[in-house]
Amino acid sequence: MMYKPSPLPPLAFRQKDDLAFHRELQRAANGYLQKRGEHRFADGKAFLKSALLVIACFSTYFVMLSSQGSVAFFIGYPLFIFFALLLAINVVHDASHNAVFQRGWANRWLNFWVTIPLGLDPDCWRVRHILFHHTHTNIRHYDLDIEENFLLRQTPYQRWYPFMRWQHLYWPLIAAMTFPALIWGFDWFDRFHFTRVAPKMRHQGAKGIGIFLLSKMLHLALALLLPYWVLSPYGIGIGTLLGVYLLSQMLASLIFVVLILGTHWAKATFYTPPESGRMAQGFYTHTFSTTYDWQTTPTWLTYWLGGLNLHLTHHVFPNWHHRHYPALAKIIQQTALQFGLDYHCVDAKTLWRYQQQFLRRMGEGEGFR
């Protein structure tokens, strides 16, 4: 019999607490669009950037394939995965929120093909990221990004073990294993109903499994089988190929986790769901209490990182393309000042310091009973 975890009861926020803030925020954001004669989706420049990343991704891939086992293989393969990561950050993230094209089917079609180089299943990612993380950020049992993993203590409600005293030092290794664990572990658990993700996926039954297996086979063929077939005569064995694949995925994973999860660790506010099923605060108050914006140095990096550093802005306007984030961040800052909400955009050094302080406190057992 297939294991099916019991669903969680619905959880709601106090909407009336944020109603005035929401109206003013939307008024300012819509005014920004009208003034520019704009829309919230991708534009020509965004599509050009995506095309350049696709070209860079497959150019490094063909450099790797044509390396004949030389040092170019060990440079080209990690760069191939790195540009696949940038495609996920700049394209997949927005398309999952239906913020690239105006039609949902076009976003889903785009996601299927763009995720193949990196290997993540787009529907598993969509459900985990949007339906669990975005709607229940830092809430115990509801936000799957902070699920207990017995290696890294991410909340005061999780169990503590003595080795966690050093988690502020070893956490990058755990972060680096996130992509390999998702691609070859959690994606499969999600699809085959071992988690709460599967019932919320778009395609169920044989169709869902077929699409899932097709995407995984295409990734396997692109990332491992074709390179092995081309390069094995030149001394690149399966062990070497798997090792470079794993290390490349780990590096990409570390970059991605630092960009996203660090903003929630740094804020260091976590909640347990009340028995009533209604949170004591509104959605915006909750978002401001759990998420930071932070600024890149140099600032142009924000553009190539898909605006993920403006993470609070993304949580407030998840269905807007990231090209609007710098302008939206200013709107949020001004509106928050009017309503007394605590908005901060910190620099990367400050974010790192807050993050490390939080991991030290959790590693020392703070809040553990």
Side-chain angles (χ1 to χ4, degrees), residues 29 32 40 42-43 45-54 56-57 78-79 81-97 99-100 114 118 129 133-134 137 145 168 171-172 175-176 178-179 248 250-268 287-288 290-337 342-359:
Y32 154 77
R40 63 179 176 86
D43 64 357
K45 291 182 179 178
F47 288 122
L48 176 60
K49 178 172 69 166
S50 300
L52 290 174
L53 289 174
V54 169
C57 183
L79 285 175
I81 297 296
F82 174 73
F83 284 115
L85 169 67
L86 288 184
L87 276 170
I89 289 173
N90 284 275
V91 179
V92 175
H93 192 213
D94 280 323
S96 297
H97 288 278
V100 176
V114 175
L118 195 60
H129 180 67
H133 172 65
H134 263 266
T137 307
D145 284 358
H168 64 285
W171 74 266
T178 299
F179 277 1
S248 300
M250 289 174 67
L251 177 60
S253 178
L254 177 60
I255 294 170
F256 184 75
V257 172
V258 167
L259 287 175
I260 285 191
L261 201 56
T263 62
H264 302 301
W265 283 348
K267 205 70 174 187
T287 301
F288 275 73
T290 57
T291 315
Y292 267 119
D293 275 353
W294 60 278
Q295 194 55 261
T296 59
T297 303
T299 55
W300 58 261
L301 277 175
T302 296
Y303 179 75
W304 290 101
L305 294 178
L308 286 188
N309 56 295
L310 298 177
H311 206 59
L312 183 144
T313 300
H314 168 60
H315 272 254
V316 174
F317 290 98
N319 298 323
W320 288 54
H321 191 268
H322 69 264
R323 67 190 179 91
H324 294 298
Y325 288 177
L328 291 173
K330 293 178 181 178
I331 291 173
I332 292 172
Q333 183 179 21
Q334 294 165 0
T335 310
L337 186 62
D342 185 24
Y343 173 82
H344 285 96
C345 183
V346 300
D347 57 45
K349 185 177 180 180
T350 301
L351 183 82
W352 175 268
R353 186 172 75 251
Y354 289 167
Q355 175 181 294
Q356 289 297 99
Q357 289 171 353
F358 165 72
L359 289 172

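Computed from heavy atoms alone, side chains included, the values below leave out hydrogens, waters and symmetry copies.
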- Query: Do the side chains of Trp265 and Tyr354 get nearer than 4.5 Å, heavy atoms only?
  - Reply: no

- Would you check if there is a donor-acceptor pair between the side chains of Asp293 and Thr313 at a distance under 3.5 Å? yes

- Between Tyr325 and His314, do the side chains contain an N or O donor and an N or O acceptor separated by less than 3.5 Å? yes

- Taking it one step at a time, do Leu312 and Phe288 satisfy side-chain contact (heavy atoms from CB on, under 4.5 Å)? CA-CA 7 Å; Leu312 183 144; Phe288 275 73; 4.1 Å; yes

- Message: If you compare all heavy atoms of Ile331 against all heavy atoms of Ala29, which two are closest, and at what distance to 0.1 Å?
- Response: CD1-CA, 4.0 Å

- Minimum side-chain heavy-atom gap Gln356-Leu359 below 4.5 Å: yes

- Item | Pairwise distance CZ(Arg40) to CG(Leu328) - rounded to 0.5 angstrom | 11.5 Å

- Does one side chain, of Tyr32 or His324, offer a donor that lies under 3.5 Å from an acceptor on the other? yes

- Do Tyr292 and His344 come within less than 4.5 Å of each other through their side chains, counting heavy atoms only? yes

- Query: Where is the tightest heavy-atom contact between Gln295 and Thr302, given as atom of each residue plus distance?
  - Reply: OE1-OG1, 3.5 Å

- Side chains of Asn309 and His311: is there a donor and an acceptor less than 3.5 Å apart? no

- Query: For Lys49 and Tyr303, which heavy atoms make the closest approach, and how far apart are they?
  - Reply: NZ-O, 2.6 Å

- Query: Should Asp347 and Thr297 count as side-chain neighbours, where that means a heavy-atom distance under 4.5 Å?
  - Reply: no

- Between CG of Leu337 and CD1 of Ile332, what distance do you get to the nearest 0.5 Å? 13.5 Å

- Shortest non-hydrogen contact from Gly307 to His322? N-CD2, 4.2 Å

- Show your reasoning for whether side-chain contact (heavy atoms from CB on, under 4.5 Å) applies to Arg353 and Thr350. CA-CA 5 Å; Arg353 186 172 75 251; Thr350 301; 3.8 Å; yes

- Query: Quick one: are His133 and His315 in side-chain contact, heavy atoms under 4.5 Å?
  - Reply: yes

- Query: Taking it one step at a time, do Val92 and Leu87 satisfy side-chain contact (heavy atoms from CB on, under 4.5 Å)?
  - Reply: CA-CA 7 Å; Val92 175; Leu87 276 170; 5.8 Å; no

- Message: So, taking the atom named OG1 in Thr296 and the one named CG in Leu301, what distance separates them when rounded to the nearest 0.5 Å?
- Response: 5.0 Å

- Given side chains that start at C-beta, do those of Trp304 and Leu53 come closer than 4.5 Å, heavy atoms only? yes

- Message: In the structure I gave you, are the side-chain heavy atoms of Leu118 and Phe83 within less than 4.5 Å of one another anywhere?
- Response: no

- Validation row: Leu254, Phe179 side chains within 4.5 angstrom (heavy atoms): no

- Looking only at heavy atoms, what is the nearest atom pair of Ser50 and Val91, with distance? OG-CG2, 3.3 Å

- Message: Quick check on Tyr343: does its OH atom have over 12 non-hydrogen neighbours (other residues, nucleotides or ligands) under 6.0 Å away?
- Response: yes

- When rounded to the nearest 0.5 angstrom, what distance separates CG in Leu310 from SG in Cys345? 6.0 Å

- Task: I would like to know whether His264 and Gln355 meet side-chain contact (heavy atoms from CB on, under 4.5 Å); could you show each step before the answer?
- Result: CA-CA 8 Å; His264 302 301; Gln355 175 181 294; over 6 Å; no

- Query: Between the side chains of His129 and His93, is a donor N or O closer than 3.5 angstrom to an acceptor N or O?
  - Reply: yes

- Query: Just by modelled atom types, is the Thr137 backbone N or O under 3.5 Å from a matching donor or acceptor in the Thr290 side chain?
  - Reply: no

- Message: To the closest 0.5 Å, what do you measure between OG (Ser96) and CG (Asn319)?
- Response: 11.0 Å

- Message: Restricting to non-hydrogen atoms, name the atom on Phe47 and the atom on Ala42 that form the minimum distance, rounded to 0.1 Å.
- Response: CZ-CB, 4.0 Å

- Query: What's the spacing between His321 NE2 and His97 NE2 if we round to 0.5 Å?
  - Reply: 12.0 Å

